[in-house]
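Once you've had a glance at the structure underneath, I'll fire off some questions.
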Amino acid sequence: MTNTLKSLIGNSKAHLKIAERIFSDEFISDKTLNSCAFIKLTFHNCTFHKVDFGGSSFAKCDFKECTFSETILKRVEFECCSFQNCKIIDSNLDKVDFDETSFNWCQFKKISLLAGFFNNCKIIESDFEEINSYGACAIIVDSQISKFDRSINFTGDFSFDHLLEFLKSIPAS
């Protein structure tokens with residue numbers, strides 16, 4: 001029997017560990033999954049709606065065509081992950097840590113990104129809209145951001161507001 005993500009989560013609220021699985025076409029809603037470990041997982045066309053992942057970690061996970069809506073990713077660590085064609089909308093990414101993670105064709109809209117950290121990441125052809133700029137600050141280190149065949153590399157501390165200015169300065173083709 002193939003276990004779905006929903007069945008593996010069950011009624012768990014914290015300290016869950018799931019490794020080396022593939023999940024497709026799942027809808028997870030109104031769950032609390034604090035301090036969980038997700039290792040070498042592939043998520044394809046999955047939706048996470050009002051899920052609280054606070055304090056969890058994702059290592060070597062692939063997200064393809066996934067949607068995170070009204071999701072809490074506060075203090076979550078993503079290490080060596082890949083996001084492709086994903087949407088992160090109306091979500092809390094405060095103090096999130098992205099390390100060696102790539103974002104290709106992703107959409108960030110209405111997110112809070114207070115003290116987010118991007119280390120050695122690639123952000124390619126992704127859009128950032130309506131980011132909570134009140135005190136928002138992200139640190140981007142040794143990362144590359146590309147949009148419309150232009151790119152910029154960051155090798156030191158960086159204010160997220162400057163990233164938004166860069167993305168807005170590029171005319172649409």
Side-chain angles (χ1 to χ4, degrees), residues 3 5-6 8-9 12-24 26 28 31-49 51-89 91-109 111-128 131-132 136-147 151-160 163:
N3 289 324
L5 179 58
K6 191 175 279 189
L8 291 172
I9 292 170
S12 180
K13 294 194 179 286
H15 307 292
L16 188 66
K17 181 178 178 181
I18 301 175
E20 299 186 33
R21 297 195 183 253
I22 298 172
F23 303 106
S24 294
E26 297 222 29
I28 307 298
K31 289 285 186 182
T32 300
L33 298 170
N34 295 145
S35 302
C36 295
F38 302 98
I39 305 160
K40 293 184 181 177
L41 303 179
T42 297
F43 300 93
H44 183 262
N45 196 36
C46 293
T47 297
F48 303 96
H49 178 70
V51 178
D52 182 352
F53 287 107
S56 292
S57 64
F58 291 84
K60 298 181 181 178
C61 293
D62 294 318
F63 299 89
K64 298 173 184 174
E65 299 175 2
C66 292
T67 300
F68 296 82
S69 63
E70 298 181 50
T71 301
I72 297 174
L73 297 166
K74 189 172 185 175
R75 298 181 192 263
V76 171
E77 295 178 3
F78 291 92
E79 183 178 347
C80 299
C81 292
S82 171
F83 290 80
Q84 227 172 332
N85 231 7
C86 293
K87 296 178 183 178
I88 302 173
I89 302 168
S91 295
N92 183 331
L93 279 72
D94 291 349
K95 299 182 181 177
V96 68
D97 185 359
F98 294 108
D99 190 27
E100 295 186 31
T101 295
S102 65
F103 301 92
N104 294 299
W105 298 96
C106 293
Q107 179 184 16
F108 296 85
K109 187 172 184 177
I111 63 168
S112 175
L113 186 62
L114 178 63
F117 190 77
F118 294 78
N119 181 46
N120 199 22
C121 293
K122 289 186 179 179
I123 304 171
I124 300 168
E125 295 292 341
S126 295
D127 292 316
F128 294 84
I131 307 302
N132 177 1
C137 176
I139 298 173
I140 301 175
V141 179
D142 296 331
S143 296
Q144 178 183 3
I145 297 175
S146 299
K147 187 158 176 75
S151 68
I152 187 167
N153 293 306
F154 301 99
T155 55
D157 293 353
F158 180 76
S159 166
F160 193 70
L163 169 62

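Owing to the predicted nature of the structure, the values given are computational and were not obtained by experimental measurement.
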**Message:** Given 3.5 Å as the limit, does a donor-acceptor pair link the side chain of Asp94 with the main chain of Leu114, or not?
**Reply:** yes
**Asked** Should Thr101 and Cys121 count as side-chain neighbours, where that means a heavy-atom distance under 4.5 Å?
**Response**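 A side-chain contact under 4.5 Å exists here.
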**Request:** Quick one: list whatever passes side-chain contact (heavy atoms from CB on, under 4.5 Å) with Asp52, sequence neighbours left out.
**Result:** Thr32, Asn34, Ile72
**Item:** Distance, nearest 0.5 Å, that separates CH2 of Trp105 from CD1 of Ile124
**Value:**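 Reported to 0.5 Å precision, the distance equals 10.0 Å.
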**Message:** If the condition is side-chain contact (heavy atoms from CB on, under 4.5 Å), which residues does Glu79 pass it with, not counting sequence neighbours?
**Reply:**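 With neighbours one apart ignored, the set is Asp99.
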**Request:** Determine the interplanar angle of the Phe63 and Phe48 rings, folded into 0 to 90°, and report it as parallel if under 30°, tilted if 30 to 60°, perpendicular if over 60°.
**Result:**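 Judged by the thresholds at 30° and 60°, the geometry between Phe63 and Phe48 is perpendicular.
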**Item:** Distance (rounded to the nearest 0.5 Å) between Ile88 CD1 and Leu73 CG
**Value:**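 Answer rounded to 0.5 Å: 6.5 Å.
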**Complete:** Value for NZ (Lys40) from CD1 (Ile22), rounded to nearest 0.5 Å, stands at 13.0 Å
**Request:** Write down the atom of Arg75, the atom of Lys95, and the distance for their closest heavy-atom approach.
**Result:**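 Scanning both residues completely, I find the closest heavy atoms to be NH2-NZ, 3.2 Å.
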**Asked** How many angstroms lie between atom CZ of Arg21 and atom OG1 of Thr42, to the nearest 0.5 angstrom?
**Response** 12.5 Å
**Request:** Taking side-chain contact (heavy atoms from CB on, under 4.5 Å) as the test, write out the residues that go with Glu100, two or more places apart.
**Result:**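 Only Cys80, Asn120 meet the side-chain contact (heavy atoms from CB on, under 4.5 Å) criterion with Glu100.
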**Request:** Find out whether Leu16 and Leu8 are in side-chain contact, i.e. whether some heavy atom of one side chain is under 4.5 Å from a heavy atom of the other.
**Result:**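 No, too far: nothing below the 4.5 Å cut-off.
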**Message:** For Lys74, is the NZ atom crowded, meaning more than 12 foreign heavy atoms sit under 6.0 Å from it?
**Reply:** no
**Asked** Which value, rounded to the nearest 0.5 Å, describes the distance between Gln107 atom CD and Cys86 atom SG?
**Response** 11.0 Å
**Request:** Walk me through it: do Phe38 and Val76 pass the test side chain to side chain contact (heavy atoms under 4.5 Å, CB included)?
**Result:** CA-CA 11 Å; Phe38 302 98; Val76 171; over 6 Å; no
**Ile28 and Phe43, any side-chain heavy atoms less than 4.5 Å apart** = no
**Asked** When rounded to the nearest 0.5 angstrom, what distance separates SG in Cys46 from NZ in Lys64?
**Response**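 These two atoms lie 11.5 Å from each other.
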**Request:** Could you go through the side-chain hydrogen bond (donor to acceptor under 3.5 Å, both in side chains) check for Ser112 and Asn92 one step at a time?
**Result:** CA-CA 5 Å; Ser112 175; Asn92 183 331; 4.5 Å; no
**Item:** Pairing residues for His49 by the side-chain hydrogen bond (donor to acceptor under 3.5 Å, both in side chains) criterion, not counting sequence neighbours
**Value:**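 His49 satisfies side-chain hydrogen bond (donor to acceptor under 3.5 Å, both in side chains) with Ser69 only.
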**Item:** Contacts of Phe108 that satisfy ring-ring contact (aromatic ring centres under 6.0 Å, His included) - sequence neighbours left out
**Value:**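 Once residues adjacent in sequence are excluded, the partners of Phe108 under the ring-ring contact (aromatic ring centres under 6.0 Å, His included) criterion are Phe103, Phe128.
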Can you give the donor-acceptor pairs under 3.5 Å from side chains of residues 53-62 to other protein atoms, not counting sequence neighbours?
unit_1	atom_1	unit_2	atom_2	d
Ser56	OG	Leu33	O	2.7
Ser56	OG	Ser35	N	3.4
Ser56	OG	Cys36	N	2.9
Ser56	OG	Phe53	O	3.0

